[in-house]
Structures are given as structure tokens and as C-alpha cells.
Amino acid sequence: MIVIEAASHLKVCRTADVIVVGGGPAGVAAAVASARNGADTVLIERYGHLGGLATGGLVLLIMPMSDAAGKQHIGGLCQEIIDRLDTFGASVHPRYEDLGSDDSELVGYWLSRGCRFFASEGRVTLNALFDPEMLKCVLNEMVEEAGVKLFLHSLGARAVVEDDSMQGVIFESKSGRQALLGKVIVDATGDGDIFASAEAAYDSNTDWKLRSSKLALVFRVGNVDFVRFAAFRQSRQDEYNMLMSEIETLGGFSMWLPAWTESVVWFNNYIPGLNGLSVEDLTWVEINARKKMLLTHDFFSRRVPGFENSFIIDTASQVGVRVTRRLIGEHIVTEEEMQAGILHEDTIAVIPARQWDHSIAEPLVYIPYRSLLPHKVENLLAAGRCFSSDRVANDILSPIQCCIAMGQAAGTSAALAAARGISPRMVDHRALQERLSAQNVPLPDRLKPHIQTV
Ligand SMILES: Cc1cc2nc3c(=O)[nH]c(=O)nc-3n(C[C@H](O)[C@H](O)[C@H](O)COP(=O)(O)OP(=O)(O)OC[C@H]3O[C@@H](n4cnc5c(N)ncnc54)[C@H](O)[C@@H]3O)c2cc1C
């Protein structure tokens, strides 16, 4: 049985140079970069706050921005966000002068305070734990200061396309269904909702072995005596490991991570066999992950030293969807090219990647501009976890710091394209790199001869 939806005339509520759909790490970075580069920019977000999984998903760790030698490869807006969080005392990270240090006490401290990502090859790397509520405020502040027109509680429903060229987006909100028209559209929905609607090619095949194929519902537990817990874990490791296997066998979660403040931990989790684009599966997670949470917390508070007086603070307001659609773009970043450490001429972000489980031989991975560009649809860019990549590359390059870097590049390029009246495909990558460099985005020295900081 089917229902035919009647065609309707929609009000164009606004026109803009650049429309960014999705206000997660990639989308906020894209909107702020676009506006700061002179474009009249609109950002639409389906929930009532910015930050995507980093805030609503309670994913509370910005992963490595520097390599084992202490060199910082991610800067730009990601660094600015951390700096702004620091002014509120809302993030915890190693001191910049300690990056690359192999001082065992320091490395030991960060490994115990944070997690394994805080050290690469036995040396301290730059990661940051943060307070998600303050991150929401910081992102609001950045978007407001940049002059971005923000629509919250607005779901990007459909692409408006004419002759394979994006014209705008239809969105739904309590004000009804309305249209926005723009010169360039950035799909930062994480799930590629807009490029799928524009009929750009994409891949949504999953490798069930990969971390990224699993859904999650993160929750936070407070009033943990972390010092007592850390001492137990260190001195009675076998007992700790047995407890963690026991809770997993019972169907609960063992994967905890410390939050920015030591009395709080967040339970990251991995629920296999579900699809982040299926409303049934998303509903299943909301119901069943909470049952698992109750089981887990009951177990921890009865059996794990340090958790005796703990309580559940909250659950994530959005399901943890790690990957769904991946654009098939002008270039697909692959596992093989990461292994070979291929430096692309059009690199827009450099990612320290060796810390991952996939044994990446090269310490750095380069993301090319072409991986943000769809094949045939014009006036469209994709940024964030839905960028053009194979399954393993996506698994490694989807963390928050990578998405912010991609978003900053997409927004900057969108502004360049809108100003020149061209499709982002025609933007000269050297002009883009020059602009990124001027915004404190570190790019490889080998690509720099043409870059003059303005
Ligand atoms: C459980 C879990 C743990 C993780 N752990 C880490 C970690 O420790 N460190 C790390 O760096 N990364 C981690 N990640 C990965 C990281 O959080 C994401 O890859 C990253 O947030 C992706 O950013 P994004 O902006 O591309 O997408 P998202 O964060 O998903 O943001 C997309 C935004 O778009 C909005 N949106 C979606 N569809 C629409 C639409 N149609 N219209 C309007 N708005 C829309 C969403 O509401 C959201 O705000 C984890 C992910 C999960 C799920």
C-alpha cells in the first residue's frame, strides 16, 4: 500500500551564499569558516543545540592532534574550540610544552587520566577531554560571532536540485516545511542525508568487524572515586579483567572512559548488527541500551571499587551512529593509500593516525579536497564522517578533530566558490590551501611553496 504525497508550494524563507546542513563538529566548522570568509551563511540543525555527537552523543574526547614527535598537525578551528573551552576551565589536555615528551611519569599520568590515545610510541600527544554543556555554549558563541544565521530544531528534508546542480534545501520545523536557496550547500549531516537526496553516489556497505559499524548509547556515571578505582585497576589487574569480561557476558558494557572531571566517567559502547539509517534500529537502541545501562551500573556499583556511591547522570540525547552513508566522491580515501602515506597535492588536513588498531605504518594521513566533492552534483560539498572514504579509512578518519578540519576546509571552499560564482569543484586547491593556512590550519611543508600567508 502506498500514499501519494501531494505537491505543494513552499515559502522560500531565506536565500544565502552558503547553506550548511547539520550542526555537528563538521557543520559548525563549515558554517563558521564560511561566514568568516565573507559568505552570507545559514546553518540548519535538527536538534536544539550544536555539537552533534560531540555534545548530544556524549562523545567527550577530542583525539590526537599531534604526533609522537610532539608536532601538532591539527590546528585551526579545532584549536580555537579547545582554547575557548580552556577559558571556561572546561577542557583537560596535556600542556603544549609537554607534547612529545617521553617522561614516564608524565606519560603514565596521561594514560591513567585519559586513555591510550594520550600517548603514541610512549610519548605524550595532544588530546582533549571536555565538558559537553560548555562545548554547546562555545559553539553557539562562535556561530553567533561569525554572523551565521542559525535555524535549530530544523530537519533538512530534501535537496533542491536542477540539472544536477544544487539550488537549496527544503527543511521541516515547527514552522512547517520551508525552502532555503543558496549558491553552495554543505552536507554535514554525518549521514549524507542531503547528498543522498540529491542523488549523488554513495556507499553504505558495512564491515561488521569494524568499530564504526556499531551503534551506541553513551551514558555518564558520576560520583566515582576515580583514585580508588585507578588503584584497584592497577594493583589487581586480573580481577579487574575478570570483572570486565563478566559484565560483557551478562550483556552490559565494560568500556568506560574518564571525563574531563575525575569523578565522572562515560560509558562508550558498541552495539553490533544495527543500521543507523533504520528508525526501528534507532528505537531498539534507545530502549535496549538503557536496559544494558541499568545492568552495567548495578554491576559496577556493587562489584567495582570506586563506583559504590556512583549514580547515572544522563544518557546521550542522540544515538551514537558512527557511520552510515559514505560519499563516493572525486577521490575515495582508502586504507591502501593511508598505509602508503600518500601526500595529495590538494591536501586540506593532516591527521596523526598511528594510534589506531589498524596497524597504520605511516604516522600521518592526508585528506584531499577531492574527498569532499561528489562526482556529478554541482554546488555541493560533503564534510565530516560522511566524506568519501572506504570503510577502514572512514573508521580512522571520522573522529571529531578530523571532522572539524574537513568542515573548516569545506566552509572555506564554499565561501570562495560563492564569491566567485563557481561550483566548489572549480575552486583552485592552492587558493583554498592558502586560505586555510591563513586560518592556522597546519599543512605539509612540502605543499607550501605556493602558500603566502595573507
Ligand atoms: C559512541 C561513539 C564514540 C565515539 N568516540 C569518539 C571519541 O572518543 N573521539 C572522537 O574524536 N570521535 C569519536 N567518535 C566519532 C565522532 O563523534 C564522530 O565521527 C563525529 O562527531 C562526526 O562529526 P560530524 O559533524 O561529521 O557528524 P555528527 O557529529 O553526527 O553531526 C551531524 C549533525 O547533523 C545533524 N543532522 C543530521 N541529519 C540532519 C538533517 N537531515 N538535518 C539537519 N541536521 C541534521 C545532527 O543532529 C548532528 O548535529 C565516536 C562516535 C560515537 C558514535
Side-chain angles (χ1 to χ4, degrees), residues 19-31 42-65 74 78 114-117 127-130 132 135-136 139 150-159 169-173 180 186-197 211-219 253 255 257-259 266-271 276-277 285 289 316-327 351 355-356 372 382-387 394-407 410:
I19 300 168
V20 180
V21 187
V28 170
V42 171
L43 171 61
I44 66 175
E45 163 56 45
R46 69 177 154 163
Y47 294 133
H49 61 81
L50 298 172
L53 288 168
T55 55
L58 291 177
V59 169
L60 306 181
L61 168 68
I62 295 179
M63 289 167 71
M65 296 166 67
I74 305 267
C78 191
C115 63
R116 69 192 169 96
F117 295 108
N127 294 246
L129 300 160
F130 58 86
L135 180 56
K136 288 177 190 170
L139 299 179
L150 178 62
F151 291 101
L152 292 173
H153 298 288
S154 297
L155 179 79
R158 271 193 54 195
V169 175
I170 294 169
F171 73 101
E172 302 249 15
S173 71
L180 286 163
V186 180
D187 184 341
T189 60
D191 294 319
D193 289 3
I194 302 304
F195 66 62
S197 164
R211 168 199 76 91
S212 53
S213 69
K214 296 162 176 98
L215 301 193
L217 187 73
V218 177
F219 57 96
F253 303 124
M255 174 72 188
L257 288 160
W266 56 289
F267 278 79
N268 194 353
N269 47 72
Y270 298 91
I271 307 173
L277 295 175
V285 172
S317 57
Q318 66 198 77
V319 172
V321 177
R322 293 179 168 92
V323 64
T324 53
R325 302 183 186 100
R326 289 170 284 112
L327 180 74
I351 312 293
Q355 288 92 333
W356 282 101
L372 311 182
R385 60 184 169 86
C386 55
F387 83 114
N394 193 278
D395 203 51
I396 294 173
L397 300 175
S398 60
I400 295 164
Q401 83 283 22
C402 310
C403 293
I404 295 174
M406 285 188 255

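One-based numbering, in listed order, for ligands and for the atoms of each. Atom set for the values below is all heavy atoms of this structure, side chains included, hydrogens, waters and symmetry mates excluded.
Listed by chain and number, residues touching ligand 1 at under 4.0 Å (heavy atoms only) are Val21, Gly22, Gly23, Gly24, Pro25, Ala26, Ile44, Glu45, Arg46, Tyr47, Gly52, Leu53, Val59, Leu61, Met63, Ser154, Leu155, Gly156, Ala188, Thr189, Gly190, Asp193, Ala216, Val218, Trp266, Asn268, Gly320, Val321, Arg322, Gly384, Arg385, Ser398, Pro399, Ile400, Gln401, Cys403.
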May I have the list of side-chain donor-acceptor pairs in residues 150-159 shorter than 3.5 Å, sequence neighbours left out?
{"from": "Ser154", "atom 1": "OG", "to": "Leu152", "atom 2": "O", "distance (Å)": "2.9"}

Pair up each side-chain donor or acceptor in residues 49-61 with any protein partner under 3.5 Å, not counting sequence neighbours, and list the distances.
{"from": "His49", "atom 1": "ND1", "to": "Thr55", "atom 2": "OG1", "distance (Å)": "3.3"}
{"from": "Thr55", "atom 1": "OG1", "to": "Leu50", "atom 2": "O", "distance (Å)": "2.8"}
{"from": "Thr55", "atom 1": "OG1", "to": "Gly52", "atom 2": "O", "distance (Å)": "3.4"}

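Looking at Arg325 and Asp193, a side-chain N of the basic residue comes within less than 4.0 Å of a carboxylate O on the acidic one, giving a salt bridge.
Counting only heavy atoms from C-beta outward, the side chains of Phe387 and Asn394 approach each other to under 4.5 Å. Contact of the Arg385 side chain with the Arg322 side chain is not registered, since no non-hydrogen atoms from C-beta on lie closer than 4.5 Å.
Phe219 pairs by the ring-ring contact (aromatic ring centres under 6.0 Å, His included) definition with Phe267, not counting sequence neighbours.
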